[in-house]
Amino acid sequence: MPHELQKAYDPTAIEDRWAAYWVNEHLFHTDSSPIPASHAFTMLLPPPNVTGRLHMGHMLNQTEMDILTRWHRMCGDLALWIPGTDHAGIATQLMVERQLAGEGSSRQQLGREAFIERVWQWKQHYGGAILDQMKRLGASVDWSREYFTMDDRLSAAVREAFVRLYEQGLIYRGKYIVNWDPVQQTAVSDLEVTHEERKGKLYHVRYPLADGSGSIVIATTRPETMLGDVAVAVNPADDRYTAFHGKKLRLPLSAVNDGPNHGKDREIPIVTDDWANPEFGTGAVKVTPAHDPNDFAIGERHNLPQLSIMDAAARIDLPGSPYHGLDRYVARKRILEDLEAQGLLVDTKEHTMAIGLSQRSGAVVEPRLSTQWFIKIQPLADKAIEAVEEGHIKFTPAQYAKTYFEWMRNIHDWCISRQLWWGHRIPAWHCAACHKVTVARETPSTCAHCGDSGITQETDVLDTWFSSGLLPFTVFDWPQRTPALNAFYPTSLLVTGFDILFFWVARMIMLGCHFMLDMPMPDGSPRTLKDAVPFREVYIHALVRDADRQKMSKTKGNVIDPIEIVQKYGTDAVRFTLAAMASPGTDIAFSEARTEGYRAFANKIWNAARFIFMNMERAKEAGIGIHRSSFASEPELTNRSPIEALWIVSRLNRCAHDVNLALEKYRFDEAANFVYQFFWGEFCDWYLEIVKLRLDFGETSNQDAASAALTTLLYVFKSSLQLLAPFMPFISEEIWQALYDGTPPKKSIARSDYPRYVARELSENVQYISAEEAMQNLQRAITGIRTHRKELGVEEKTLVAVKIACGGNPGGVIRTNLEVIQKLSKVSEVEIVSFDDQKPGGRYADLAWKTFGPVDIFIVYEKPIDLPAERERLAKKLEQYEKMLISADRQLQNPAFLAKAPEKIVAGLKKQASEAATLRQETLEAIEKLEQLA
RNA sequence: GGUCGCUUAGCUCAGUUGGUUAGAGCGCCUGCUUCACACGCAGGAGGUCGUAGGUUCGAGUCCUACAGCGACCACCA
């Protein structure tokens with residue numbers, strides 16, 4: 001028999017215990033030994049940064065994944081959810097550098113090796129806090145497979161992938177313009193740059209012709225870069241400048257003291273290029289190949305030199321120049337002053353432009369010429385596009401496929417090198433002798449080209465996303481063909497936020513399609529694109545915002561800490577909130593009021609359990625033993641079974657069906673609402689209230705009936721807990737275990753079977769359908785009496801006598817459930833009368849009466865009616881019924897409607913019209929009667 | 001500049017392929033210590049579905065324009 005539950009639901013008292021139990025008992029450990037691949041459900045947790053703390057977005061992501069994993073597991077699938085963390089190059093390095101700064105040290109002081117050692121120590125101490133938080137939140141991941149992207153195993157796979165791409169000619173090294181973060185002093189990829197509209201200035205600067213015969217005015221937003229100008233470009237079709245073609249300009253302020261020009265300004269050519277837009281500025285554009293990607297391209301076309309004038313920290317780097325050593329913005333100010341002084345600053349205009357900011361540091365990105373490693377992305381993108389076009393990967397919501405294509409079709413080569421210390425060091429060695437590069441899986445001792453031993457490893461590390469892009473196969477020990485890889489690749493689903501669609505999702509698709517195409521299938525046959533993809537489906541979820549729809553950010557101070565909120569309301573309530581609010585397409589405005597409501601729901605479940613356990617105890621005391629096998633499966637009910645039993649089993653099956661369907665579509669909100677509505681609105685509000693009457697274990701009572709009622713109750717309750725388990729794992733586990741007094745049939749409810757029901761059976765089961773109809777009529781009678789009582793002003797405590805007129809089907813259920821009606825609507829006695837009795841001259845013509853569908857309710861009550869209130873109410877009702885009647889009639893009198901609308905709609909409308917007419921008539925009579933009383 | 005999305009009750013949001021009286025939670029009003037639960041029970045009020053047109057027998061749902069809000073992408077100095 002069940003052990004007793006505490007009187008009040010207290011999540012903190014139960015959650016830690018079960019969280020620890022699930023981990024310690026290895027309940028979610030998944031063996032890759034022989035299983036049919038079709039039964040595997042595999043997901044990768046988007047690896048949080050080691051530096052990370054859990055935020056609401058993680059919790060939403062994890063809640064959704066956990067619901068799906070628990071659901072699949074309970075449905076009998078081999079459910080595998082793999083956790084891990086990302087080394088997060090820049091973020092982590094920054095964290096440790098900050099720590100060092102606090103100690104008055106720096107990474108430069110430590111040196112590379114000692115610094116990396118220090119980061120590892122940091123990781124050991126502080127890293128992975130997020131995974132501990134996950135454990136507390138009960139995420140049902142397989143902890144035995146936890147990884148870190150810099151583990152030896154994964155690092156080896158990263159090297160392998162790099163070397164293969166290099167050998168395939170898909171990785172190249174070269175000097176190009178990249179996005180440079182002058183604060184962190186590293187290159188960043190296009191994706192790591194965010195654009196922000198800012199008000200700036202557009203400066204018009206005069207460059208005199210070298211021969212003194214005139215001048216050209218150029219427009220620029222970054223005047224400091226003029227020090228690196230090597231030409232001025234005009235559009236060949238621009239008539240204003242035809243006379244200047246081929247001439248030279250003297251570049252102001254370019255003189256360098258000790259340079260080859262001996263203090264004279266440089267001369268630069270005027271070139272013609274289509275890039276120059278006659279509509280913009282003055283139509284003449286300065287060309288600075290080392291500091292602007294467009295100018296770089298012009299430079300290439302015209303074979304111009306690339307003159308770099310800034311250092312890694314974006315200071316002017318031009319020895320001998322008066323601007324040498326100045327920060328770019330200081331230099332800008334000084335240069336503008338000097339131009340002004342020389343009368344060369346012609347105009348300054350307000351100009352709004354989108355400037356690039358480094359995502360991580362917030363620094364304004366400086367386009368910089370530097371030697372970097374790139375992936376030739378087009379061949380990879382082609383396959384990635386095909387994979388989605390061919391439907392090998394499905395996006396939910398579907399609109400994201402569009403966004404994906406948009407990006408993939410306009411992709412640029414991927415800069416994968418970073419000038420950091422923390423990360424996967426690029427496996428390339430430079431030869432001091434022949435200056436060639438040796439790329440190798442293992443550290444070579446000599447140069448592969450000239451055999452010289454004077455080689456040193458590349459100092460750059462790889463972009464973090466390079467290694468995480470490989471995860472769908474490297475977590476299964478690629479490049480080896482392991483049983484796990486055979487069993488679990490491609491993974492089933494990826495659940496993630498929109499923010500990393502390009503960073504991670506797109507990269508995984510490209511790299512997965514590329515590398516896994518070469519990996520034979522488990523049976524040895526060649527793999528096609530369909531099975532090379534890293535996952536078959538992608539579900540993109542919303543962003544969690546605060547209650548005012550503001551993005552949560554530290555600077556705004558509106559960040560909701562999931563742990564805090566969990567401590568306040570319990571994990572189950574927070575999970576349920578997120579699930580219930582997670583409708584596709586819209587962001588979640590997280591509101592605590594909602595969570596409060598779901599904590600109340602948990603409390604409701606808790607108390608339902610207490611009530612049920614109490615009754616099990618009572619049965620036991622009466623000598624009625626309930627064996628667990630008796631409620632293991634659906635009770636056998638007949639037409640003679642109590643109406644509420646037939647009804648609740650039918651509703652349970654309907655709910656199970658709906659929930660499963662919703663989860664298949666990733667409609668967490670629908671699924672959660674179905675369970676909520678069923679448990680609270682049907683199981684508790686109706687079934688429990690009715691079943692109370694049946695649970696009479698007294699000696700004079702029908703003990704068989706009581707015992708049957710208890711069995712059905714237990715079955716439905718147990719099934720409800722199972723339905724609920726993926727959403728609220730803690731409370732469902734606690735109560736389920738208690739139900740079996742600590743010796744449950746499985747180690748966890750998470751390992752028991754999920755209720756399922758086939759739609760066809762539901763629609764064909766006559767017994768259920770008629771039970772639902774009958775129950776609906778019973779409910780109508782009960783709520784009818786309640787409403788009527790209230791309207792008549794009958795006091796809550798007062799028992800009244802009622803007469804009910806009802807015919808045909810409704811009559812049956814009402815006649816056999818008089819006791820239920822009496823109890824649930826506070827009635828002293830019920831008498832079934834004829835419809836004619838309320839009519840003028842009828843036996844009860846003077847009683848207040850009311851119609852509820854096919855049921856008429858008369859209340860026998862002496863208290864005088866509140867005339868004005870009743871008059872107002874009836875007038876309102878009358879208006880409503882007349883509206884209904886008019887709208888129905890309008891359509892029914894339209895021949896086009898009758899001709900074209902489907903029969904079902906017409907019939908429904910006719911029924912509605914006749915009902916409205918009856919109601920209207922009755923209301924009129926009631927008003928008449930009221931006036932007589934008055 | 002390009003692309004996509006949103007606008008439904010006081011608040012937060014549902015509303016499947018157009019179809020009978022547009023739903024939920026919270027909040028609000030009224031009444032209840034009914035022996036599981038006041039984190040509760042019962043009853044109730046509240047919506048010209050952003051605006052203006054159009055298609056249709058029928059529009060919250062489809063089309064067009066407009067207004068407001070938001071997101072993403074983008075190498076025009």
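The analysis underlying the following values was restricted to heavy atoms, covering all of them including side chains, and did not include hydrogens, waters or symmetry mates. Chain A is the first sequence line, chain B the second, and so forth, proteins listed ahead of strands; every chain is numbered from 1. What you see is a predicted model; the values in this text were computed from it and never measured.
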Practice task
Can you figure out which of B/C72, B/G15, B/G44 approaches the side chain of A/T787 most closely?
Solution key: B/G44
Practice task
Looking at every strand, decide which applies to A/W606 at a 4.0 Å heavy-atom threshold: base, sugar-phosphate, or nothing.
Solution key: nothing
Practice task
Tell me which nucleotide among B/A77, B/G43, B/U34 gets nearest to the side chain of A/F280.
Solution key: B/A77
Practice task
Taking only heavy atoms on the protein side, list every residue of residues 598-605 of chain A lying under 4.0 Å from any atom of RNA chain B, sorted numerically.
Solution key: A/R599, A/A600, A/N603, A/K604
Problem - Selected nucleotide, minimal atom distance to A/M581 side chain, candidates B/A77, B/U12, B/G19 - result: B/U12
Exercise for the section: Could you check which of B/G43, B/A77, B/C32 has an atom nearest any side-chain atom of A/K790? Expected result: B/G43
Problem - Aromatic ring proximity A/Y598/A/Y569, centre distance under 6.0 Å - result: no
Completion exercise
In Watson-Crick or G-U wobble terms, with both distances under 3.5 Å, the base opposite B/G1 is B/C73
Practice task
Describe the nucleic acid contact of A/K826 in one word from base, sugar-phosphate, nothing, applying a heavy-atom distance below 4.0 Å.
Solution key: base
Practice task
Indicate whether OP1 or OP2 belonging to B/U30 is found under 4.0 Å from a side-chain N or O atom of A/R786.
Solution key: no
Completion exercise
Side-chain contact check for A/F897: nearest option of B/G40, B/C37, B/G19 is B/G19
Problem - Nearest listed nucleotide, side chain of A/N894, among B/U33, B/G19, B/C57 - result: B/C57
Practice task
Remember a base hit wins even if backbone is also touched, and classify A/Q677 as base, sugar-phosphate or nothing at under 4.0 Å, heavy atoms.
Solution key: nothing
Problem - Main-chain N/O of A/A398 paired to A/T396 side chain as donor or acceptor, under 3.5 Å - result: no
Completion exercise
Closest to the side chain of A/A608, out of B/U33, B/C57, B/A36, is B/A36
Exercise for the section: For A/K692, answer base if it contacts any base atom (sugar-phosphate contacts may also be present), sugar-phosphate if it contacts only those atoms, and nothing otherwise; contact means non-hydrogen atoms under 4.0 Å. Expected result: base
Practice task
Would you indicate, yes or no, if B/A42 has its OP1 or OP2 atom less than 4.0 angstrom from a side-chain nitrogen or oxygen of A/W686?
Solution key: no
Handout entry: Spacing between A/H788 atom NE2 and B/G43 atom P, to the nearest angstrom
Key = 15 Å
Practice task
For B/A45, give its Watson-Crick or G-U wobble partner with both distances under 3.5 Å, or none.
Solution key: none
Handout entry: Whether A/F601 and A/Y676 hold their rings parallel, tilted or perpendicular, with breakpoints at 30° and 60°
Key = tilted
